[in-house]
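Side-chain atoms are counted along with the backbone in the values below, which use heavy atoms only and exclude waters and symmetry mates. Each chain gets a letter, A, B and so on, in the order the sequences are listed, and its residues count up from 1.
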Amino acid sequence: MDLSTHQPAGGTVYRISAPVIANRSLPGGHRRIRLRAPAIARTARPGQFVNISPPLATTLLRRPLGVHRTIDGQDIEILFQSVGKGTKALGAVGEGDEIDLIGPLGNGFDLAGEPPETAVLVAGGFGLAPLYPLAAALEGKVDRTYLFAGTEEDLPMETSDSSVHLSFVDPDIKATVPEFEAVGAQCRLASLRSRPSFHKGLVTELVEKLLDGPEPLGRTKLYACGPWGMLKKTAAIAAEHELDCDVLLEERMGCGVGACMSCSVMVYGDGGRPVYARACVEGPVFDAASVVWDAK
Amino acid sequence: MDLSTHQPAGGTVYRISAPVIANRSLPGGHRRIRLRAPAIARTARPGQFVNISPPLATTLLRRPLGVHRTIDGQDIEILFQSVGKGTKALGAVGEGDEIDLIGPLGNGFDLAGEPPETAVLVAGGFGLAPLYPLAAALEGKVDRTYLFAGTEEDLPMETSDSSVHLSFVDPDIKATVPEFEAVGAQCRLASLRSRPSFHKGLVTELVEKLLDGPEPLGRTKLYACGPWGMLKKTAAIAAEHELDCDVLLEERMGCGVGACMSCSVMVYGDGGRPVYARACVEGPVFDAASVVWDAK
Amino acid sequence: MNLNTTIAGINLQTPLVMASGTFGFGEDFARFDDFDDSAVGAISLKGTTLEPRLGNPPPRIAETPAGVLNAIGLQNPGVDAVVRHVLPRLEAGGLTTPLFANIAGETVEEYAEVARRFSTAPNIAALEVNISCPNVRHGGLAFGADPAEAARVVRAVRQATDLPVITKLSPNTGRLVEVAEACVDAGSDALSLINTLVGMVIDLRSRRPLLGNQTGGLSGPAIRPVAVAQVFRVYAALGHRLPIIGMGGVSDADGAFEIILAGGAAVGVGTALFFNHRAPREIADGLERHLADAGLSRLSDAVGAAHRQSRIGGGGP
Amino acid sequence: MNLNTTIAGINLQTPLVMASGTFGFGEDFARFDDFDDSAVGAISLKGTTLEPRLGNPPPRIAETPAGVLNAIGLQNPGVDAVVRHVLPRLEAGGLTTPLFANIAGETVEEYAEVARRFSTAPNIAALEVNISCPNVRHGGLAFGADPAEAARVVRAVRQATDLPVITKLSPNTGRLVEVAEACVDAGSDALSLINTLVGMVIDLRSRRPLLGNQTGGLSGPAIRPVAVAQVFRVYAALGHRLPIIGMGGVSDADGAFEIILAGGAAVGVGTALFFNHRAPREIADGLERHLADAGLSRLSDAVGAAHRQSRIGGGGP
Ligand SMILES: Cc1cc2nc3c(=O)[nH]c(=O)nc-3n(C[C@H](O)[C@H](O)[C@H](O)COP(=O)(O)OP(=O)(O)OC[C@H]3O[C@@H](n4cnc5c(N)ncnc54)[C@H](O)[C@@H]3O)c2cc1C
Ligand SMILES: Cc1cc2nc3c(=O)[nH]c(=O)nc-3n(C[C@H](O)[C@H](O)[C@H](O)COP(=O)(O)OP(=O)(O)OC[C@H]3O[C@@H](n4cnc5c(N)ncnc54)[C@H](O)[C@@H]3O)c2cc1C
Ligand SMILES: Cc1cc2nc3c(=O)[nH]c(=O)nc-3n(C[C@H](O)[C@H](O)[C@H](O)COP(=O)(O)O)c2cc1C
Ligand SMILES: Cc1cc2nc3c(=O)[nH]c(=O)nc-3n(C[C@H](O)[C@H](O)[C@H](O)COP(=O)(O)O)c2cc1C
Ligand code: FES
Ligand code: FES
């Protein structure tokens, strides 16, 4: 994309007054909300997001939240964390309330080109949520998908112990996310503190173990979402192994449609010159190699 | 009261998170809300008010609303009109919600001194509501109470035709407010447009008919609440007939407790010099003779 | 009802101007399936400089009580890219809404040069001279806070173009009316105000300013009373000489009508677009109702009406 | 946790100063059955002039998005009535909270005379020189927008009193830091900022300015980002020379902590009292939590910390 002339990008954006179908609380203060938003459910791609107005004009700006699942071309599901004013208000809505939202927004993951043979998904904490639709979309297209997730808190999705053996980690490291396994991904979890069945350490160590391990991988691509430090490390691993790597970046936003330049991410533009790209249209998914990792 | 040294005035003010006991809609967009607020129900006098925060931080400032009735030293009832943001939000609360309010505020009507023989209550539109507790308090203390109310819209209280004959008006003018009759007041209503059973004209014409009519009145005092023009006219009638007259004035307020000087009403101070009094402590009830009627 | 208005000889179908910096270069909001062009009177394009500008380090936006703080830092592709690529794209797309080029610079000469280059474009209706950006180190506010400096910029632009010149003023000065007068004397055909107020949010976790630029510009409903007061004052001083595009915190028809009554011949809508892209249509409809309620048949009868309706003797003792 | 702070040699038990004009002469809030004096660091009394002042015609107050517009016009009983009647009443009542007399005038000599008369009262801890009231025709802002004029007032007050002098500054100028510097050079022992921003609300029914005074001063959460920015700037320039009482839109501990991190050694609380008289207690408790979370044992360690935590290289390109 040519960043030099402020091109509009992305498809049609719908504004929907979306009825709340369900709003469930999950461990660790997370919530899963299901909204009736057919125009978005039909068109949203993995990695795209919606921009929500919390109920009762609690906040002025909308809040960007990833589309976690689309259901029957009717509903969208969002996993979110109640961290501040907006997400707390959203957590309090009930069935039948209507939520004002716009979407789908952002580029989403690029699924048009030749798929890799191995997809490695790397999540930090809440970054797990937006990677789920990607895993689901990759099922059947790639030979194998791995998911590694690092977390110090409860994850927004249920975890258990996997029955599948993976050669590149100790057998007692077997914590997994069944919902990801259900769409064909092999999972392992990491935490900096000692937790049963978790790898103790950085999630990126699991990635390194895989890449340096015995499994045949073929053409491999990394996909990552999480805190900046984790993404930077993942990008470095990708660079070192000369692998493609996509990262999903969360930036504060104004308009959500590319008009205001609030959501800038520094990337290498034409001729390697650093320029700011808009996370809401040129992102939120960026080629890790294009991101200026030292800008933050 | 000495206005020259910013004296604090009024009794203890309570802040209460008051459960909503009932919230009923009345004709003409009016509402009657009942709140559990024992400390206020026990201490509020006729003409005093509470300062309410509409729910969910809809507004920044509190909204002053008169105490219409106190019930069993437990609850207070408020009659109000949904005119703007705050009162609309208040209209939407449901049973069990809690409303943050402070009170009782203001001086209220002076019931301590020698009561008049005849009390004449004059209401313009919504001014009817705060006069009700006065009528109730005067019952038994005065020989007779009259209520005249003028309105172009629906009143906040039910009306019907009176069975009592009043000598000073045409017999076909018989519209009354039963709730006032129940506390011993004789009522007649006026409207500028033709309405069956209403006097066609200004409400103050009814006052003049009474004062100039055949009924024996003895020592008479007027009490009025309503729009400025109506109050001014009532004050002029009182002056002309050399009668005492109390008026309840509604002013925009900041603090509600006398600290901020937002709610000023121009009155004649010491030596007849115009000064501003605070409607929230020196008012909202003022001696009509002390008000500088040309200040608005 | 007729919402037509005229700014410096340019006819606008409604008084609503999409505020610079909130509507990009006019293309992004067209992505909405229900964006209603017919409610838009004019589009003020993103502030443009001679060279491309990177803009400020992120984060660039924060929410505040009833407001938004931004520090974009005039990120833009430079006048040549806009004139060569963006404007032809708009023309090819058939956009007929009048476009205002919002121009900025670090020196007087830069303003003039940007003005000159925009004047070559067939589809720019007017220049909006931004001497009020609080988010850049050089230029911007440095010109907008001083009458003589402001006049220098306007004079140079005036000489560099035949297009109508609108000057965009800053509230971050006690001398707004003086600056406005100087701009008019220097040849400005219209004024637009207000730009954002200097503000800051401190992030309580990191305990440092949240925005990459430390300070930002405050916009949104929070600043509407400031905007109304400044439009009122400038109209009182200069309303007989030229039209004012009033803006700041307008998100609904009530706010827009306040600005008009204070003296705005047109009304800028900025931050509101971020949370309600239908605001222009809703405001236009609401304005028609306000005019009808007031018994006015034309918008122009309402412009500055608050001055004519003022209390006799209003003002402090 | 210790919330003690010192302003110009005066020890305050908490950093919370009840802002002038919002707390009367200190007696009214005592009517609340649950008002908590122990959370109050100091009380800034209502602005007082030499002669009694009638104030502005009503309406004097209006609500705005997240803000309040007021135009009281310095209604007050005059310095003599305050010194002879109000202050003795407060003393007799046993009030031990430090009192700041907020003084205003139309001429430099009037400021000095009010200062002189307040200095005879035994229970005034400091003078707060209000050169920033936007709601009076003469004096007020006329002094606060110009460094030389501001210095004249402060110098005259300085010579008229032995009490500590706090100067209260206005945000309605682009020269706030210059004015602050001039006040310090003229002998001010502390600064308080910000006073209200000039604003206006137009009543859509009457189609004229709602307030009797037409314009008013904007306060409340809406202006907090402006207050934080100005405290930050003044602290950067003068924080090493004297303490700042920061205020504007503080209604909770988060807002108060922002002001402190920006450079406020104390924090004014005004408009918030109108809707929550328990704000001082809630803020004091919340500040203790913030200090604990930040691992700071004393309030003074947090004052201006946002400057020390700033990003390296923060600031626009
Ligand atoms: C493309 C994208 C996808 C996202 N997907 C999800 C998701 O699926 N689930 C989820 O829980 N969260 C997601 N987030 C983060 C989510 O937007 C924030 O948690 C949310 O905006 C916080 O709002 P608040 O009012 O609760 O918090 P506050 O802290 O009160 O918000 C204040 C302001 O900061 C912004 N802000 C705060 N945190 C973030 C953040 N992490 N990213 C961007 N803006 C932020 C808010 O939008 C708001 O403007 C996503 C963010 C982006 C940009
Ligand atoms: C002492 C007193 C007693 C009152 N008693 C009653 C009552 O019993 N029932 C009732 O319906 N109304 C009563 N009012 C009027 C009531 O306060 C207003 O209708 C209400 O404040 C409107 O708020 P809003 O948010 O709906 O309107 P908005 O117009 O949105 O209010 C904007 C601002 O203006 C103020 N305001 C608007 N109208 C009035 C008004 N008439 N008087 C004072 N301030 C106003 C509001 O308080 C608020 O600060 C009383 C007012 C006073 C001063
Ligand atoms: C994100 C953002 C970017 C802006 N960029 C510009 C700009 O480039 N040039 C300009 O003159 N004003 C700019 N402004 C100011 C707006 O045009 C407008 O004057 C201001 O935001 C007040 O209006 P509002 O409250 O309706 O947003 C910007 C405002 C915002 C919020
Ligand atoms: C009703 C009212 C009256 C005020 N009167 C004065 C005054 O007399 N002297 C003064 O220095 N400031 C006065 N102020 C300004 C406040 O002291 C304070 O600086 C301003 O309101 C910002 O703080 P806040 O947002 O916490 O209210 C007044 C403010 C209000 C709201
Ligand atoms: S949020 Fe406006 S450009 Fe991305
Ligand atoms: S409302 Fe504050 S003094 Fe009356």
Side-chain angles (χ1 to χ4, degrees), chain B residues 2-16 39-40 43 51-54 57-63 83-86 100 102-105 249-266 269-270 273-281 292 295-296, chain D residues 18 21-35 45-48 52-68 70-78 81-82 84-86 89 93 210-212 219-222 251 270-278:
Chain B
D2 177 9
L3 291 176
S4 67
T5 72
H6 189 106
Q7 298 221 27
T12 302
V13 179
Y14 302 94
R15 178 186 186 155
I16 297 179
I40 297 175
T43 53
N51 227 350
I52 286 190
S53 280
T58 324
T59 69
L60 201 62
L61 292 175
R62 294 174 180 274
R63 299 300 192 243
V83 292
K85 216 161 76 153
D100 170 9
I102 61 172
L105 299 171
L249 303 178
E250 296 186 354
E251 296 297 327
R252 286 170 189 260
M253 294 187 177
C255 67
V257 294
C260 75
M261 305 288 145
S262 294
C263 57
S264 298
V265 173
M266 194 175 263
D270 300 338
R273 209 172 36 94
V275 293
Y276 282 114
R278 295 165 294 181
C280 71
V281 289
V292 181
K296 264 200 186 169
Chain D
M18 305 301 97
T22 64
F23 206 70
F25 287 96
E27 297 173 289
D28 310 293
F29 278 77
R31 288 175 58 202
F32 281 105
D33 71 326
D34 62 348
F35 190 78
L45 306 176
K46 174 64 189 170
T48 303
R53 268 185 75 96
L54 209 49
N56 286 329
R60 292 178 171 184
I61 191 163
E63 187 168 312
T64 71
V68 165
N70 91 82
I72 309 301
L74 287 179
Q75 175 176 347
N76 77 89
V82 175
R84 280 192 216 135
H85 302 292
V86 182
R89 226 159 57 206
L210 190 147
L211 297 181
S219 63
S251 63
T271 303
L273 296 167
F274 296 176
F275 52 89
N276 181 13
H277 65 279
R278 288 183 198 155

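- At least one donor-acceptor pair under 3.5 Å links the side chain of D/Gln75 to the backbone N or O of B/Tyr276.
- Considering only heavy atoms from C-beta on, B/Leu61 comes within 4.5 Å of D/Ile61 through its side chain.
- Nearest approach of B/Arg252 to D/Pro59, heavy atoms of both residues: CD-CB, 4.0 Å.
- Distance check: D/Leu54 CG to B/Arg273 CZ gives 7.5 Å after rounding to the nearest 0.5 Å.
- Under 4.0 Å is where a charged nitrogen must lie from a carboxylate oxygen, and between B/Asp100 and D/Arg278 no such pair does.
- Closest approach of D/Pro58 to B/Ser264, counting heavy atoms only: CG-O, 3.5 Å.
- Proximity of B/Leu60 to D/Pro221: side-chain heavy atoms (C-beta onward) are separated by under 4.5 Å at one or more points.
- Interface residue B/Met253: only backbone heavy atoms are found under 4.5 Å from chain D.
- Comparing D/Phe29, D/Phe25, D/Phe275 by heavy-atom pairs within less than 4.5 Å of chain B, the highest count is held by D/Phe275.
- Remark: side-chain polar atoms of D/Arg31 are paired, donor with acceptor, to backbone N or O of B/Gly11 under 3.5 angstrom.
- Proximity of B/Met261 to D/Asn70: side-chain heavy atoms (C-beta onward) are nowhere separated by under 4.5 Å.
- In this structure the side chain of B/Arg15 reaches within 4.5 angstrom of the side chain of D/Asn276, judged on heavy atoms.
- Heavy-atom distances place the side chain of D/Val86, and not its backbone, under 4.5 Å from chain B.
- Residue D/Phe23 touches chain B through its backbone alone, counting heavy-atom pairs closer than 4.5 Å.
- Within the 4.5 Å cutoff, side-chain heavy atoms of B/Ile102 are placed close to those of D/His277.
- Counting heavy-atom pairs under 4.5 Å between each of D/Arg89, D/Lys46, D/Glu27 and chain B puts D/Arg89 at the top.
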